[in-house]
Structures are given as structure tokens and as C-alpha cells.
Amino acid sequence: MSTSAADLPTDAAAANQSTVSAVRLTFDPDTQSVLATLPPSPTAQKLDLPTLQSLLKEQGYGEFYTSDSDMQELITLAIQGKEGSATIAHQRDAELEWAVQPDKMAVYLTAIPAYGGKKITREWLLEELQERAIQESCIDQSALDQVIEAGQAERLCVARGVEPEPGVDSRFEGLVEGCKNLIEDYSEEAQVDFHQVQDFIVVEQGEILMRRTPPTAGVPGLNVMGAELPTEPGRVLEFNPDIDGAIIDPDNPDQLIAAVKGHPILIDKGVSVDPTLRLDAINIESGNIDFDGSVEVKGDVSSGFSLHATGDVFIRGMVEKATVIAGRNLTIVGGVAGEDLGRDQNKELILKARVLAGGDIRAKYANLAHLHAAGDIIIREFVLQSRLSAKGSINLTQPGSKGCIIGGKTTARKEVAVNALGSDANVPTVVRAGRINCKRKLEEQLRTEHKNCLENCEKLEKVLKASENPAQKASINSDMSRKIKATLHSYEQKAERIKAILARLNARKQAESSAVVTVKGAIYPNVYIGIDDAIFNNRVRKTGCSFVREGSEVVSR
């Protein structure tokens with residue numbers, strides 16, 4: 001510690017020094033302090049803070065705690081030419097203050113540094129921790145190193161208990177290769193190659209479908225005092241009781257086996273096996289098919305026929321002007337080729353080919369066809385004059401494919417992603433993403449009702465105003481006036497409620513939307529892009545852009 005010259009007295013010829021006698025330093029072991037004495041001396045010596053500090057260091061007291069005010073007291077005596085003494089340094093041992101967390105899961109140390117006294121050592125720290133019965137395995141040796149190196153610490157955690165690790169519940173491992181959804185979620189980072197999912201899995205009776213691993217017991221914890229902390233063991237989870245076509249292995253209760261030959265469907269904590277109907281084709285020989293389970297068709301679904309299955313449907317050929325309905329996922333290795341039967345009263349194309357799925361749809365192409373999926377739709381090559389709708393996303397960006405939509409109407413709840421939209425021939429093409437306002441009719445009704453309320457209010461106000469005319473008072477008595485005012489108030493309140501509802505509906509329309517239409521390649525003129533209720537008519541050829549909604553408008557990025 002030091003004091004600048006400005007801090008010294010200024011009432012002497014030299015404010016920061018003395019010309020009095022020599023300084024004598026003595027150490028008092030009882031008070032662990034250094035006493036500086038100014039004895040009489042025939043030889044005057046300079047005295048200032050640097051001189052005192054240097055003198056302390058020379059006589060082995062350099063690490064002692066010093067106070068500027070104490071030393072200044074001695075310098076003041078010297079400046080005044082007086083004899084006397086003052087305590088100017090103190091020897092102090094390091095101090096350790098320990099704090100054990102109430103839950104005994106941590107120990108904190110505050111260490112006050114040593115000033116020429118006992119220093120902090122590892123042995124001292126470990127001895128203190130041992131006296132407090134701190135578990136050795138909980139001590140943080142790196143924290144002790146930090147304290148020893150710095151010589152001090154401020155509420156530093158030097159020991160921490162081990163939290164118990166709860167046991168892991170039973171886990172279920174599917175053992176059938178490829179037993180998963182036929183169509184993965186599309187993402188830019190991990191596109192799914194159409195050729196990688198062209199297998200329709202069939203298991204034999206008795207084949208192992210799933211294995212259950214037992215739960216783990218968990219690992220007990222330990223507090224800093226060495227007391228064990230109990231843990232929660234994992235739970236034994238049972239196989240899904242709603243599985244069909246599979247049973248628990250009589251020889252191994254942790255295994256699920258197929259009870260019938262069929263198509264495996266992975267579900268939560270189990271695997272169901274759909275009885276699988278295998279057909280060469282759907283045609284005049286097979287007739288229409290309505291099957292409770294999964295269906296595999298090796299060939300085509302011919303024109304005019306229908307296939308309805310409650311499970312997955314896998315068609316290796318193509319669908320020709322036919323109807324195919326799948327309860328879950330539908331894969332058509334070939335394409336869907338339909339026919340234009342004219343237009344309905346809304347001027348919409350009437351399409352003979354209809355493909356519907358309760359899950360996802362995957363096909364090579366769609367031409368003059370109607371496709372609807374409760375999940376996603378993935379088309380490899382192209383969509384021509386078709387009507388596609390998906391509650392998930394629609395994707396035509398498979399590597400090495402055309403991936404174009406030309407004509408028709410395409411609607412997805414989340415995203416439409418394509419390589420190209422429209423054509424050089426400027427064929428009208430409509431693509432929508434997001435939610436179309438289904439409450440438009442309600443809005444119109446509310447606006448009409450609001451207008452009627454305002455008109456009625458205006459009429460009643462005129463009647464009340466006219467009643468104030470002395471000539472009209474005879475025809476409108478006080479009771480009638482009261483009723484008119486009550487009716488007017490009722491209309492005013494109703495108008496306010498309707499106005500609030502309309503404001504909320506409008507706010508929902510203006511809210512941010514996550515729907516997007518992504519075009520990796522070219523988008524041609526005469527393509528209409530819809531995001532929610534907003535519409536954009538593209539009039540020029542563009543490349544590589546995404547369309548989103550901002551407010552009530554569709555913008556490209």
C-alpha cells in the first residue's frame with residue numbers, strides 16, 4: 001500500500017519527507033505487529049512512504065499488512081521534529097471461512113489472504129475439509145489449485161455432491177429393417193431419395209418384430225458429507241395393448257412376434273401387422289378391391305377400377321383413371337394418369353383419377369389427377385393439370401428430377417417446394433400454401449349485422465330527437481321513450497361486440513404466417529401464388545425465390 005506526495009502534510013519545507021532521526025523497527029510477537037520508533041539521533045535522515053516501505057522490506061516485514069494512515073502518523077511526527085512511535089505493519093495469517101449448503105450438496109470457501117503469516121496450502125485445505133467430514137470424492141481439486149495459486153477466494157465452490165441419476169424406463173427397439181413410415185419429413189438438409197423407399201416390407205408369422213430392454217436401476221447420488229442419495233429406478237413399460245397381428249413371445253416376454261403374415265406398421269411401444277393382400281393388378285380379373293389391411297399391387301390399377309384399403313397401399317405400377325384410397329401411406333412407383341371429364345359449376349376440372357391417403361402420398365408423376373393427403377405429397381417428376389392438396393407439405397425437389405408443376409391447382413398447409421412453376425406457354429397455374437380464411441362468410445354476415453345495428457341506432461336516435469319536439473310529445477309517452485332508449489342501448493352494445501369480433505378476425509389474418517412457396521428454379525408468368533388469403537400474380541420469369549406473406553401481401557425473397 002502506498003501514499004502519494006499529495007497525501008502528505010504540506011506545513012513543512014518538504015511535504016513528503018522529514019529531516020529527523022533514524023527509524024527503528026521492532027516486531028511484537030504478542031500483537032504480531034511492527035512498531036516504528038523515532039529515537040533521538042544526531043544525524044537527520046529523510047523519511048517518506050517509499051523509505052518506510054523499503055525499510056520494512058529490508059528487515060523482513062515486506063509481506064506484512066500496512067496502512068497508509070499508520071505510516072503517515074509516523075511521518076507527521078518526524079516532520080514535526082518529535083520523538084515517538086507508531087505501529088505501521090501487521091502480520092496476519094490467512095483465514096478460511098467455510099459454508100456448507102443446507103442440502104449438503106456443495107461447500108463454498110471464502111479465503112482471506114495471508115500478510116506475512118500462515119499461507120494457504122493444499123494440506124491445510126484438505127485438513128479443514130476432513131475436519132468437516134467432507135467426502136474426498138466430492139472435492140474439486142482444480143478449485144483448490146485456484147485458491148492456492150490466488151492465495152484468496154470469494155465464495156468459491158470447492159466441493160459438490162453428486163446428483164442421483166434416475167433409472168431409464170424400458171426401451172423398445174424395432175427389429176424389422178425398413179419398418180417405418182414410407183415417406184420421411186422433407187427438409188433442405190436431408191432430402192429423401194425416391195429410390196431408397198421402394199420396398200414393401202412383409203414379415204412371416206413368428207418373426208421377431210420388437211425387443212423390450214429392461215429398465216435400469218439408476219445411480220444413487222452422494223452429498224458432500226458422504227451420505228447416499230436415493231434414486232428412482234426406471235419403470236417397466238408394457239407393450240402397446242392396441243397392437244393388431246402381433247403377440248408377446250411366449251418364450252420371451254420382452255419380445256414381440258408376428259401373429260400373422262403381413263405388413264409391419266411401427267406404432268408407439270409396439271408393431272402392428274396388417275394382413276397383406278398381394279395382387280398382380282387391379283383390373284377386370286380382380287374387380288374392385290375393398291380390404292381391411294395393407295395392399296401390395298405388383299402391376300397397374302386399370303382405368304375405371306377402385307382400390308380401398310385401411311392400411312398402407314404400395315403400387316409398383318401406375319394408376320390409370322382409377323380411384324385409390326389408403327388409410328395410411330400410399331406409394332405409387334409409377335405415376336397417376338387421369339382424364340379431363342369437363343368442368344363443374346365452379347369451373348373446376350372434373351378429374352377421373354382420384355388418389356387419397358390418410359398419411360403421405362408418393363408418386364412418380366401426376367397428370368390430370370386429383371391427389372389429397374392428410375400428410376405430405378412427394379412427386380418425383382412433374383404435375384400436369386392436376387389438383388393436389390396436402391395438410392402437410394408438397395415437395396417436387398428430388399435430386400435429378402424435373403420437379404415442375406404446370407397448370408391446375410396445388411394447395412398445402414405448410415409448404416410447396418418445387419424446382420419449377422408454370423411453363424413457357426404461360427399455362428395458368430395456381431399454387432397456395434397456408435390457411436385460406438374459412439370464416440369469410442362469417443365476416444360478411446357480421447359486417448351486414450353491424451351495418452344493420454348502426455342503421456337501427458340512427459333511426460331510434462331520430463325518433464328520440466323528434467320526441468323532444470312539443471308537437472310530438474303527445475304520441476310518445478315516458479314509458480315508450482324509456483323502451484326506445486333501452487333498445488337503442490342494446491343495438492349500440494351489439495354493434496360494439498361485433499366490431500370487437502371483426503377486429504380479432506382481422507388481427508388473425510394479419511398475424512405472421514409460416515407458410516411458404518419455394519421455387520428452386522424458374523417461375524413463369526401467369527402463375528398465381530397464394531399465401532393464406534393473400535394472392536400474387538407472377539407476370540415475369542424469375543428464378544430461385546421463396547414467397548411468403550407480409551401483412552396482406554405476398555412478397556418474394
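FYI, side chains are in, hydrogens and waters are out, and symmetry mates aren't considered; it's all heavy atoms of this structure. The first residue in the sequence is number 1, and the count goes up from there. Because the structure is a prediction, the values reported are computed rather than measured.
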request  = Check the pair L279 / K298 against side-chain contact (heavy atoms from CB on, under 4.5 Å), numbers first and verdict last.
outcome  = CA-CA 6 Å; L279 300 167; K298 295 180 181 178; over 6 Å; no
task = Evaluate the side-chain contact (heavy atoms from CB on, under 4.5 Å) criterion for residues I405 and L396: first the C-alpha distance (whole Å), next the side-chain angles of each, then the deciding distance (0.1 Å), finally the verdict.
result = CA-CA 8 Å; I405 297 177; L396 282 86; 4.0 Å; yes
message = Using the rule given for side-chain contact (heavy atoms from CB on, under 4.5 Å), can you reason through E449 versus K494, listing the C-alpha separation, both sets of side-chain angles and the distance that settles it, and then say yes or no?
response = CA-CA 9 Å; E449 190 66 24; K494 185 176 181 181; 2.7 Å; yes
inquiry  = Pair I361, I378 - check side-chain contact (heavy atoms from CB on, under 4.5 Å), show working.
reply    = CA-CA 6 Å; I361 294 176; I378 298 180; over 6 Å; no
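There is no side-chain donor-acceptor pair under 3.5 Å between H263 and T276. Checked by atom type, the side-chain pair N395/T397 shows a donor-acceptor distance below 3.5 Å. Checking E415 against T518 by side-chain atom types alone, a donor-acceptor pair falls below 3.5 Å.
T323 contributes atom OG1, which lies 5.0 Å from atom CZ of R354 (distance to the nearest 0.5 angstrom). Atom CG of L266 and atom CG of L209 lie 10.0 Å apart (nearest 0.5 Å). The NZ atom of K269 sits 7.0 Å away from the CG atom of N240 when rounded to the nearest 0.5 Å. In this structure, OG1 on T543 lies 10.5 Å from CD1 on I523, to the nearest 0.5 angstrom.
For E492 and R497, the salt-bridge test fails: no basic side-chain N is under 4.0 Å from an acidic carboxylate O. Look at E207 and K261 and you find no salt bridge, because none of the NZ, NE, NH1 or NH2 atoms lies under 4.0 Å from a carboxylate O. A salt bridge does not link E381 with K364: none of the charged nitrogens is closer than 4.0 Å to a carboxylate oxygen.
Inter-residue side-chain proximity for F172 and R211 is flagged as unmet; no heavy-atom pair is nearer than 4.5 Å. Residues V527 and I529 are in side-chain contact: their nearest non-hydrogen atoms beyond the backbone lie under 4.5 Å apart. R212 has its side chain within reach of F239: a pair of non-hydrogen atoms, C-beta onward, lies under 4.5 Å apart. Counting heavy atoms from C-beta outward, K520 and V418 have side chains that stay 4.5 Å or more apart. At least one side-chain heavy atom of I315 sits under 4.5 Å from a side-chain heavy atom of V301. By the 4.5 Å heavy-atom criterion applied to side chains, N367 and V336 are not counted as neighbours. Counting only heavy atoms from C-beta outward, the side chains of I377 and R362 never approach each other to under 4.5 Å. Using a 4.5 Å cut-off on side-chain heavy atoms (C-beta onward), L388 and T411 make no contact.
Listed for the D360 side chain is a donor-acceptor partner under 3.5 Å among the backbone atoms of D376. For the pair D249 (side chain) and Q255 (backbone), a donor-acceptor distance under 3.5 Å is absent. Panel note: side chain T216, backbone V168; a donor-acceptor pair is recorded below 3.5 Å. Proximity of a side-chain donor or acceptor of N419 to a complementary backbone N or O of C404 within less than 3.5 Å is not detected. Put simply, the side chain of N283 gets close to the backbone of E285: a donor and an acceptor are under 3.5 Å apart. Here the side chain of T487 pairs a donor or acceptor atom with the backbone of K483 at under 3.5 angstrom. S556 places no side-chain N or O within donor-acceptor distance of the main-chain N or O of F547, the cut-off being under 3.5 Å. A side-chain donor-acceptor contact under 3.5 Å links S386 to the backbone of L368. Here the side chain of Q385 pairs a donor or acceptor atom with the backbone of G408 at under 3.5 angstrom. Judged by distance alone, the side chain of S401 and the main-chain N or O of Q398 form a donor-acceptor pair under 3.5 Å.
Heavy-atom contacts from other residues, nucleotides or ligands closer than 6.0 Å to CD of E553 number 12 or fewer. Summarising the local packing, CD of Q493 is surrounded by more than 12 heavy atoms from other residues, nucleotides or ligands at distances under 6.0 Å. More than 12 heavy-atom neighbours from other residues, nucleotides or ligands sit within 6.0 angstrom of NZ on K542. Atom CG of D290 has more than 12 heavy atoms from other residues, nucleotides or ligands within 6.0 Å.
Residue pairs that meet the salt bridge (charged side-chain N to carboxylate O under 4.0 Å, His left out) test with at least one member in residues 324-341, sequence neighbours left out, are D274-R328, D312-R328, K321-E339.
Here the closest heavy-atom approach between residue S170 and residue P215 is recorded as OG-CD, 3.5 Å.
In this structure, Y528 has its ring center no closer than 6.0 Å to that of F536.
D140 meets the side chain to side chain donor-acceptor pair (under 3.5 Å) test with S142; sequence neighbours excluded.
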